[in-house]
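Written below as C-alpha cells is the structure these notes are about.
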Amino acid sequence: MAEDKNEKKWYDYLLTIKKPLVYLGMFLVVIIPFLSRCKLKTYETDLVKKVFTRVEKIHEYNKEHPDSKRGILLGFDYGPSTTPENDPMLYAVLRHAFLRDIPVVAWAPYVAYLQLAEGRIKRIAKEYKAEYGKDYVFMGLAYPPTPYMISTGTDMRPMFNTDYYGNDVYKLPILDRFNNYDAFGLVVTISGTAMPEVWLRYANSLYNQDVAVATTAVNAAKFYAYAASGQFTGMIAGLKGAAEYEQMVTRLENKVIDEDIKEYLTGLYKNVDKDKYPEKYYEPEYTKSEINTAILRRRQAGRGMSSQFGAHVYVIILIIIGNVGYYFKRRDEKRRKTGKWGA
Amino acid sequence: MNFWKRRLPLALTVIYGLAGFAMQIIPALNGYRDIQNSWMPILFGFSIAIGVASLTKYHFTKMRRQPEERVYSIITFISLVVMAVAGLIGMSQDGGVFTKLFDNLFSYVYVPLQATIFSLLAFYITSAAYRAFKVSEWISTLLLVSGFIVMLGRVAFGPLMVFGKLSEWIMAVPTVAAMRGLLIGIGLGIMATAIKIILGIERSYLGGE
C-alpha cells in the first residue's frame, strides 16, 4: 500500500509541471509571433466604432464650419508600465486626428508621463506635417488633474501659463480658440489608471463634454458600465481595441493618402518651408530607419494581437492540463477512500 | 498639545468638508471652488516634501538597524538624490549634461524597469492559472468557462468568431451588471466614510487610538 502511495501517477506529471517550463512556454508563445511579424486581423466592435465615428463627425463638422472648428482634448493618462497596450491606441487616435486635420491639445497628469507623452505625440505629428502651436500643442503637466479639468470649463490657459516647451500659452495660435470644452468635440483619455473616471466626473458630468476612453484590458471591465450607460462616447479596450482602431485608421489612411506609405513619408518634407517646423519640436526629415519604424508602428497592435493569441491559447491549454490532472487525481482519491481502489 | 494634534485638525476637517460640499451644490459659491482648487497644487507640493522627508528618515533608520538590507536602502537613497539633483539642475540648463542625465535615466532605466515589472505579470498569471484555476464546484466551472470564452473571444478570427460574439455579450451584460453593483456599493461606502470623517466620527487619519 505504501508503495502505491509513493508511486507517481501519470496525472501527477500533469499537475507538477515546473515553473521555469511554464515561463519558458509563455516566453516562446509571445516572442515567436512577435518577432516573425505575424499580424492578426481582428473583428471590429461597436464600442470602438463609436469612437471612430465620433472623430469622423468632428471632421465633417470642421468641413462645414471652417471658422469654428472643433478639436480633440487628449489626456495622456498612462505611464511606462502600460505602454505596450496604450501606445498603439494613442498612435491610432493621433493618426486619425492628424489625418483629418483635427486640432489636438494634449496634457499629462503626472510627471512620470511627461517625457513619454512628448516623444510620442511629436512622433505622430511629424508623420502628418502637423505644425506645433497651430495644429497641435502639448500643454505639459496638469497636476493635480482635477482643477485643470474644471478650469477647462472656462479657459485652461491661466492654469498652465506656459506649455511643455516653455512657450507662453497666450502666444500659441491654437489656444486662442481651443482653450475650453466648447471648442472640443471630444475628450480622449488614454489611460492605464482610474483617470477616465475623473474625466467623467468633471468634464462629462459638470460640462456635458463627450469623453471617449482608451484603456487597458484590465481596467476595461470597470469602464464597460459607463460605456453601456452612454457616459463614455465609446471605448477602446485593451490591445484588441487598439488593433480595431488601428485597422480602421489604416483603411482610412490608405483612402485619404492614396499612396504607398514609404513613398509618402520619403517625400513628406521635400519642397516644404522647413522654418515652419522648428527642430525643437521635431526634425522635418526622415531617415530610412525612421520610415521603417513608422511603417511598423502602423501594425503595432495587430502584431501584438498575434502574441496575445498565442498567450491566451497557451493559458487555456495549461488550465485544461491542470484540470485533467486534478480530475483524475480526485477520482483516484475518492476511489481510495471508498475502498474501490485497485479492486 | 491636544489642541494642535487633535482639535484643530478635526475642526479644519469639519469646516473644509462642509465648505467643499456647499461649494459643489450652491451655485453662488462656485467662484470659491476655483480658489479652493488653486490651493490644491500648493498642498500637493507640501505633501511631496513630507514624502521625501519621510522616505529619507525611514531608509536612514533602516541602514542603521538592518545592516543585511542596507544595500537596498542605499540604492533607493542614491536614486532619489541623483534623479532629484539631475532634474532640478537640468531644469535651468536646457540641453545640458544634467538634462541628458535625467532624460537617459528616465528613458533607459525607469521606463524599462516599469515595463519589465508589469510584463512579469503575464508569467505569474500563467503559472497561477495553471495551478489554481480548478473545476471543483459549479460556480468555479462557470467562471472557468466564461474565462475561456472571453480569452478566446478577444483573439477570435475565422471559425473562432462564435467566441467573439459570446465574449462581447459576457462583457456587455453580466460584467456590466456585476460592475454596476460593485460601483454602487463602493460609492455608498465612500459617501458613508466621507460623512463620518466630516462629522468627526471617523478619526483614524489623525493617528493613534
Side-chain angles (χ1 to χ4, degrees), chain A residues 15 17 19 22-23 25-27 30 40-43 45-47 79-84 111-112 115-116 119 143-144 146-147 150-151 154 159 166 217 220-229 237-240 305-306 308-316 318-319 321-323 326-327 330, chain B residues 33-34 36-41 43-44 87 94 102-103 106-107 110-127 129-136 144 147-148 150-157 160-161 164-165 168 171-173 175-183:
Chain A
L15 287 169
I17 301 174
K19 265 187 190 175
V22 173
Y23 293 165
M26 185 48 132
F27 175 72
V30 168
L40 197 76
K41 196 169 180 284
T42 188
Y43 61 97
T45 54
D46 287 343
L47 282 176
S81 58
T82 58
T83 48
V111 179
Q115 268 183 310
L116 290 179
Y143 179 82
T146 315
I150 293 170
S151 73
T154 47
M159 287 298 286
K222 190 176 176 186
F223 298 142
Y224 267 98
Y226 300 115
S229 65
L239 198 62
K240 169 157 170 43
M305 280 298 286
S306 58
Q308 188 158 288
F309 177 78
H312 282 198
V313 172
Y314 178 65
V315 171
I316 288 172
L318 277 180
I319 293 173
I321 290 174
N323 274 286
Y326 177 67
Y327 171 78
R330 216 168 44 157
Chain B
R33 196 174 61 190
D34 293 339
Q36 184 204 33
N37 287 334
S38 62
W39 288 6
M40 281 168 72
L43 288 173
F44 275 106
D94 202 17
F102 183 83
D103 288 351
F106 182 85
S107 303
Y110 179 73
V111 173
L113 274 176
Q114 274 228 340
T116 306
I117 287 174
F118 201 68
S119 65
L120 287 178
L121 270 179
F123 294 94
Y124 294 137
I125 286 171
T126 313
S127 176
Y130 160 64
R131 275 160 223 284
F133 216 163
K134 297 286 186 308
V135 175
S136 52
L144 188 76
F148 276 10
V150 172
M151 274 199 281
L152 281 174
R154 299 294 291 175
V155 292
F157 63 93
L160 294 175
M161 266 312 292
K165 296 282 172 209
E168 267 188 72
M171 295 310 284
V173 183
T175 309
V176 166
M179 253 321 156
R180 278 194 183 140
L182 269 175
L183 290 171

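Proteins come first, then strands; the chains are lettered A, B, ... in the order of their sequence lines, and each starts at number 1. On a predicted model such as this, the values are computed, not experimentally measured, just so you know.
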Checklist entry - Is chain B contacted by the side chain of A/Ala237, its backbone, both, or neither, given a heavy-atom distance below 4.5 Å? => result both
Next on the checklist: What part of A/Ala221 gets within 4.5 angstrom of chain B, counting heavy atoms only: side chain, backbone, both, or neither?
Outcome noted: both
Checklist entry - Under a 4.5 Å cut-off applied to non-hydrogen side-chain atoms, are B/Lys134 and A/Leu15 in contact? => result yes
Checklist entry - By a 4.5 Å heavy-atom criterion (distance strictly below it), what part of A/Leu47 contacts chain B: side chain, backbone, both, or neither? => result neither
Checklist outcome for this item: Honestly, the part of B/Leu144 sitting under 4.5 Å from a heavy atom of chain A is side chain
Item to check | Heavy-atom contact with chain B under 4.5 Å, split by part of A/Ser306 | outcome: neither
Next on the checklist: Counting heavy-atom pairs under 4.5 Å with chain A, which one of B/Glu168, B/Gln114, B/Met161 comes out on top?
Outcome noted: B/Gln114
Next on the checklist: Report which part of B/Leu113 has an atom under 4.5 Å of a heavy atom belonging to chain A: side chain, backbone, both, or neither.
Outcome noted: neither
Item to check | Approximate separation, where rounding is to 0.5 Å, of B/Phe148 CZ and A/His312 NE2 | outcome: 12.5 Å
Item to check | Top contributor to chain B interface from A/Pro84, A/Ser81, A/Gly79, A/Gly25 [non-hydrogen pairs under 4.5 Å] | outcome: A/Ser81
Checklist entry - Side chain, backbone, both or neither: which part of B/Leu182 has an atom under 4.5 Å from a heavy atom of chain A? => result neither
Item to check | Check against side chain to side chain contact (heavy atoms under 4.5 Å, CB included), B/Val135 and A/Tyr326 | outcome: CA-CA 8 Å; B/Val135 175; A/Tyr326 177 67; 5.7 Å; no
Item to check | Non-hydrogen side-chain atoms of A/Lys222 and B/Leu183 separated by less than 4.5 Å | outcome: yes
Next on the checklist: Between B/Tyr130 and A/Ile17 (side chain of the first, backbone of the second, donor and acceptor by atom type, cut-off under 3.5 Å), is there such a pair?
Outcome noted: yes
Checklist entry - Tell me, side chain or backbone of A/Ala220 under 4.5 Å from chain B's heavy atoms, or both, or neither? => result neither
Next on the checklist: What part of A/Tyr314 gets within 4.5 angstrom of chain B, counting heavy atoms only: side chain, backbone, both, or neither?
Outcome noted: side chain
Checklist outcome for this item: Under 4.5 Å to a heavy atom of chain A? For B/Ser136 that would be both
Next on the checklist: Nearest 0.5 angstrom please: A/Leu318 CG to B/Phe133 CZ, how far?
Outcome noted: 13.0 Å
Item to check | For chain A, the option from B/Thr175, B/Asp103, B/Ile117 that forms the most heavy-atom pairs under 4.5 Å | outcome: B/Asp103
Next on the checklist: Is A/Leu40 in contact with chain B via its backbone, its side chain, both, or neither, using a 4.5 Å heavy-atom distance?
Outcome noted: side chain
Checklist entry - With a 4.5 angstrom heavy-atom cut-off, which part of B/Ala156 approaches chain A: side chain, backbone, both or neither? => result both
Checklist entry - Who wins among A/Gln115, A/Met305, A/Lys240 for the most heavy-atom pairs under 4.5 Å with chain B? => result A/Gln115
Checklist entry - Highest number of heavy-atom pairs under 4.5 Å with chain A: which of B/Ala178, B/Ser119, B/Ala115? => result B/Ala115
Item to check | Qualifying residues under ring pair (Phe, Tyr, Trp, His ring centres under 6.0 Å), relative to B/Phe123, sequence neighbours excluded | outcome: A/Tyr23
Item to check | Residue A/Phe27 versus chain B: region with a heavy atom under 4.5 Å | outcome: both
